[in-house]
Amino acid sequence: MLDTNDGQTAGRLPVQTITGPQTLLFAASTGIIVTNLFAPQTLVGLIGPSLGAGAASVGLVAMATLLGYAAGLFFLVPMADLGENRALILRMLAAAALAAGIAALAPTTASLLIVLFILGAACSAIQILVPIAASMAPPGEAGRVIGDVMSGLMIGILLARPLASFIADAWGWRAFYGLSAAALTLLAIVLAFTLPRRWPQAKSSYGALIASLVGLLRDEPVLRRRALTAALVMAAFSLFWTAVALRLAQPPFGLGQRGIALFALVGAGGAVVTPLFGRAGDHGWTRPATIFCHLVLMGALALTAWVGSSQSGSSWTPLVLMGVSAVLLDIGVTGDQTLGRRAVNLLRPEARGRLNGLFVGIFFIGGAIGSLLAGIAWAWAGWPAVCAIGGAFGLVALLVDWIGGPE
């Protein structure tokens, strides 16, 4: 097993170059882990009644994993710049598997909230895997590697809701967490034998690393800009996917839970193009590719606003166009995030863990804001308001990139 670093140090072996099978393993790993973050949004309708939870508690169930993930990004991921990364990832996956197993048996809402918070925090191991993959990329190919790994992550995000729906429909919501615990355990075993070691360059204390987050955000304009645009497009993404189920249940679509789950599978098609954006960054096309992503996102929301205005007639043509909108939206979001991750991972090799934690933490805040605004917009003026606010997020992202100029 080779030790990996972002360069060579005395007494250590040179960096191991990532292979095709290893890239696939990284992509599959991130996809498996991330399903735990978004599945609760689908399962809350079943969890609440089974545990006798009220409406407020059900909302907390949906947020507990995400809050834990945010905490992990800011307090666990920075440890990747302090200690050996493979050991850290394996410990976090073991904690995630244990938390998922306990969630499957949780007798009360309070106990479930605690273990879901822990599960979310442990799932932040994703943001340690991505920098390892970037550090193993051949010179000039970091964007390709990050794009390939990101495709697995985005597919996991998009499949989480339908996968959880199908499992819960067949065996109940507890079965999802039982299967997740088994999958995380198997993943930890596989990574224990295949994941290279990576020693960080940082020589500091944990407290100093956490304190340095503010300095990194202050001193790195690329990080600030890319995190801001990622937060804006993630807000549009969350806004759309939180509200689209409400619109699809109405005429002319009239979809039930299974139909909506199948529709969510269509959106996963957008993740197929993720590696192309990583390669675009490697060729020096970061700015035009980013502008393209924001224009595609705005176009997708304009199309879905027009399609969603129909209240009668055949459901097939509007449904197909709605699916096209979902794919285009996901292309815009995944493209922006892939280009952003590539730019951030090229900033400071010795601080990749902290940079990724900040980047993802900030765009996750955008996603939370989008989810919050979805309910408000739907209650205020329905689907047109949802699309208008999403389009506004895309427009602001476009302006941020335009004003910022070349990186």
Side-chain angles (χ1 to χ4, degrees), residues 27-53 55 57-66 68-69 93 96-109 111-113 115-116 118-120 122-123 152-190 241-250 253-271 315 319 322-323 326 330 371:
S29 299
T30 59
I32 291 170
I33 297 169
V34 81
T35 57
N36 292 282
L37 302 179
F38 295 92
Q41 297 173 5
T42 296
L43 301 175
V44 290
L46 300 175
I47 292 174
S50 72
L51 297 179
S57 297
V58 166
L60 290 174
V61 168
M63 289 297 296
T65 312
L66 299 180
Y69 187 67
L93 287 179
L98 180 60
I102 296 174
L105 304 172
T108 65
T109 303
S111 61
L112 182 63
L113 291 175
V115 295
L116 289 185
I118 296 171
L119 175 60
C123 285
L153 178 68
M154 295 308 300
I155 289 173
I157 291 174
L158 297 171
L159 293 183
R161 296 180 183 91
L163 178 64
S165 293
F166 289 135
I167 293 175
D169 185 64
W171 302 297
W173 68 268
R174 295 182 186 274
F176 170 81
Y177 287 107
L179 291 173
S180 178
L184 290 168
T185 300
L186 179 61
L187 178 61
I189 294 172
V190 172
W241 284 106
T242 300
V244 73
L246 301 173
R247 182 63 189 93
L248 292 175
Q250 295 178 335
F253 310 106
L255 298 185
Q257 187 64 37
R258 289 192 178 184
I260 293 171
L262 289 172
F263 179 86
L265 291 174
V266 175
S315 64
L319 185 59
M322 189 72 85
D330 293 342
S371 295

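Computation of the quantities below employed the complete heavy-atom set of this structure, encompassing side-chain atoms and omitting hydrogens, waters and symmetry-equivalent molecules.
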* Structure fact -> Hits for ring-ring contact (aromatic ring centres under 6.0 Å, His included) against Phe176, two or more places apart or cross-chain, chain-then-number order -> none
Answer yes or no: is there a side-chain heavy-atom contact under 4.5 Å between [X] and [Y]?
X      : Y      : value
Ile32  : Leu186 : no
Asp330 : Trp241 : yes
Leu98  : Ile118 : no
Tyr69  : Asn36  : no

Quick one: closest heavy-atom pair of [X] and [Y], and the distance?
X      : Y      : result
Ala181 : Ala97  : CB-O, 3.5 Å
Phe253 : Met322 : CZ-CE, 3.6 Å
Leu187 : Ser29  : CD1-OG, 3.2 Å
Ala100 : Leu184 : CB-CD1, 4.4 Å

Nearest-0.5 Å distance, [atom1] of residue [X] to [atom2] of residue [Y]:
X      : Y      : atom1 : atom2 : value
Cys123 : Leu66  : SG    : CG    : 10.5 Å
Leu262 : Phe166 : CG    : CZ    : 4.0 Å
Thr65  : Leu116 : OG1   : CG    : 4.0 Å
Leu255 : Phe263 : CG    : CZ    : 8.5 Å
Thr35  : Leu179 : OG1   : CG    : 10.5 Å

* Those residues that, when tested against Tyr177, pass side chain to side chain donor-acceptor pair (under 3.5 Å) (two or more places apart) -> none
* **With Thr30 via side chain to side chain donor-acceptor pair (under 3.5 Å) - residues at least two apart** => none
* Structure fact -> side-chain contact (heavy atoms from CB on, under 4.5 Å) with Leu112: of Leu105, Ile102, Leu51, only one passes, and it is Leu51
